[in-house]
Protein chains: 2
Amino acid sequence: MLSVPEAQQKLLPEISPLLQSRYRILQTVQLMQPIGRRTLADSLKMTEREIRKETDILREQGLLDSLKSGMVCTDDGEVVIEKLRALVYEWSGLTQLAKLLENHFGLQRVIVVPGDYNEDDTVLTLLGKEAAHQFISTSFDGQIVAVTGGKSVASITQFLHPADTHNITFVAARGGIGHEMQMQANTLVSTFSMQMDAQYRTLFLPEHLSEQAYQAMLTEPMVTEMMDYYDRADCVIHGIGSAEEMAVRRNSSPEDLRILEEKGAVSEAFGYYFNAEGEIVHRIRTIGIQFEQVQRSKQVIAVAAGKQKVKAMLSYFKVAPEQTIFITDEAAAKAIAEGLPSYK
Amino acid sequence: MLSVPEAQQKLLPEISPLLQSRYRILQTVQLMQPIGRRTLADSLKMTEREIRKETDILREQGLLDSLKSGMVCTDDGEVVIEKLRALVYEWSGLTQLAKLLENHFGLQRVIVVPGDYNEDDTVLTLLGKEAAHQFISTSFDGQIVAVTGGKSVASITQFLHPADTHNITFVAARGGIGHEMQMQANTLVSTFSMQMDAQYRTLFLPEHLSEQAYQAMLTEPMVTEMMDYYDRADCVIHGIGSAEEMAVRRNSSPEDLRILEEKGAVSEAFGYYFNAEGEIVHRIRTIGIQFEQVQRSKQVIAVAAGKQKVKAMLSYFKVAPEQTIFITDEAAAKAIAEGLPSYK
DNA sequence: TAGTTGTGGGTTGTATTTTGTCCCACTGTA
DNA sequence: TACAGTGGGACAAAATACAACCCACAACTA
């Protein structure tokens, strides 16, 4: 039997795309306010005219307000966004996509946000919003959270806020990742804890240690303390990288690159490299959380988006712990789904 | 707080009129199938082009089918009509209008169907559909139903069908109304009973009896039997007429017309004339159901539509029994509501 | 059986709306 | 003060919707 929204969609098929795009615009305004027509159009890869038409309607409906400094979302607008989120996700098939991936990968929860990470800057923001929401809604007193680096994980920052919980400790899951300070685990744990009024522990270490130096480090109090934290980690927040991309970004030696290629490394997560079958084929020789420790933690939040990471996702999720909550974008989710036999 | 449909309406204000008109088209197709573009356009007072555009979409959605003999509503279409009825009535304010009239007149139930009786032929059909639904859903074994004449009541015919109930008897509430056989109470009870496989009793009598003849008639077995039926009537189905209109249609004598005008008769129902205050000012001297008998009956279904009858409705509903279910059209309901202080 | 009415589909020139692309005056910030 | 970004205005061009037909056909009527 047909539900009312389904019947509505049958009678008015043209409203579905309309709803999608208008919702997306309003949502983006909310995220980037105050924002102007042109910036908005660039960001959503739409024409200025289209943006203008839609925002005029939204303004007339009182969901949007135009200040001299740009357009902002009104209170009514925020309520509407909240109320229609489920409907929009349902109609655009995101809910179904998510369920499909959940079943296929055997994960606790998959969240698919609309848009394409490569096309639309706001997708990153949506990823962060959802991830932050997942994290905060399950956080508890004294929680220990291991955090890796990366753009996706960094996007969470702006949506963290002081919660009712106390004594949360963020620990950097590994040493520095290289040049980009903004994306380093060490930087992130510090900003995360600032946003949430929490504690944090950093670990500054060079990426490529010699065997000798590595062994020496293992007995350092600073290091053993971190190892202890890793062992007690309640939650792990991490990204998933494509192997080549990561190796390049890490300035790996030609030798390492050769090894990775030889062993068929496809994906990377918290310092481990996995091949297409999900087997660990390499590990960066530095201090960091162990895969076993990740598997033991109560909660794992994985954030990754973009079509270019599909292969990596397919690889890593062969072995990902089932308590993982995975947050990705529509483009990647669709690309994964299209490779599945159960997807029409 | 906003409901989801309300939020949807805020975000997509243009769908409301779209939904209205498309629903109306689909509904009309269902009622008049098979029907062509031009007839449909005439009937709905829309342009052929518009009908064409909308029906093309409906056909594409599989809610409509085009045969050589015209367009018909598919099963899917009927399901959609059913599912969206409440939503359409809500959005077009019909539910609110109905509640308003219910409270103001103190009636058990008011049903307002969309459209204008004077503009749109299908409104009559909708009235009939709703009235038939109300009647059938409450009918019971051995029920005695008194029926008056008129176009509105006649519209019920096509929607009556054999029900689970047995031994229903339709009785003509009064003698003949004059020329138009199709609308006479006597004709209607016969067609009603044919549709429902029920019994019926007719009463053929001239309209204007002399006092002498009237008194003589009262003792006739044929008449006393009818009087007995009237006394035991469980349900009364009647229309409401404007006084002038009815008097003219009944070929009343100039003297009667003068009396009616003098006494300020505004409305007419089952042979009684009421003034603006709802007082009985005149009665046709013929055998028929008594007002007291109507008031005693368990259920009363009143059907009347069109702006020209608003005055009559306002008059009659001053004294209408509270167990009345009143079915009218949007145009009349709005006209009534606009006269009320509580209507913005 | 001949005629009439109503049917869906097709066509075409014209109105109307939508769209792309500017310009402008203004403002907050660096 | 320079500048990047803002909303609002304007206008020609492109796209679309529109009205007004015609046609072959089916179903019914006389």
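In what follows, chains carry the letters A, B, and so on, assigned in the order in which the sequence lines appear, proteins first and then strands, with residues in each chain numbered from 1.
- The CG-C1' distance, from B:Leu64 to C:dT7, rounds to 14 Å in whole Å.
- B:Lys307 and B:Asp116 are joined by a salt bridge, as a carboxylate oxygen and a charged side-chain nitrogen come within less than 4.0 angstrom of each other.
- The main-chain N or O of B:Ile35 is never found under 3.5 Å from a side-chain atom of B:Thr39 such that the two would form a donor-acceptor pair.
- Counting any heavy atom pair closer than 4.0 Å across all strands shown, B:Glu50 reaches no nucleic acid atom.
- Atom-to-atom, CE of B:Met32 to C1' of C:dG6 comes out at 12 Å; the value is rounded to the nearest Å.
- For the OP1/OP2 pair of D:dG8 and a distance below 4.0 Å, the side-chain nitrogens and oxygens of A:Arg59 include at least one atom meeting the criterion.
- Counting atom types as modelled, B:Arg38 pairs no side-chain N or O with a base atom of C:dG6 as donor and acceptor under 3.5 Å.
- Residue whose closest nucleotide on DNA chain C sits further toward the 5' end, between A:Ser69 and A:Lys53: A:Lys53.
- Each of A:Lys68 and B:Lys68 has a nearest nucleotide on DNA chain D; the 5'-most of these lies closest to A:Lys68.
- What separates CD1 of B:Ile35 from C1' of C:dG6 is a distance of 11 Å, to the nearest Å.
- One atom, CD of A:Glu14, and another, C1' of D:dA17, lie 14 Å apart when rounded to the nearest Å.
- The interatomic distance linking A:Asp56 (CG) with C:dT17 (P) rounds to 16 Å, in whole Å.
- When the nearest nucleotides of DNA chain C are assigned to B:Gly70 and B:Arg52 by heavy-atom distance, the more 5′-ward of the two goes with B:Gly70.
- Judged by distance alone, the side chain of B:Ser242 and the main-chain N or O of B:Lys309 form no donor-acceptor pair under 3.5 Å.
- When each of A:Lys53, A:Arg59, A:Glu54 is tested with A:Asp56 by the rule side chain to side chain contact (heavy atoms under 4.5 Å, CB included), just one qualifies, namely A:Arg59.
- B:Thr39 has a side-chain polar atom (N or O) that falls below the 4.0 Å cut-off from OP1 or OP2 of C:dT7.
- One interatomic measurement links the two molecules: CD of B:Glu48 to P of C:dG8, which rounds to 10 Å at whole-angstrom precision.
- For D:dA19, the OP1/OP2 oxygens have a side-chain nitrogen or oxygen of B:Thr47 closer than 4.0 Å.
- Checked by atom type, the side-chain pair A:Thr55/A:Arg37 shows no donor-acceptor distance below 3.5 Å.
- For B:Arg49 and C:dT17, the CZ to C1' distance is 15 Å, given to the nearest whole Å.
- A donor-acceptor contact under 3.5 Å is formed by the side chain of B:Arg37 with the base of C:dG9.
- Rounded to an integer number of Å, the gap from CG of B:Leu67 to P of C:dG8 is 9 Å.
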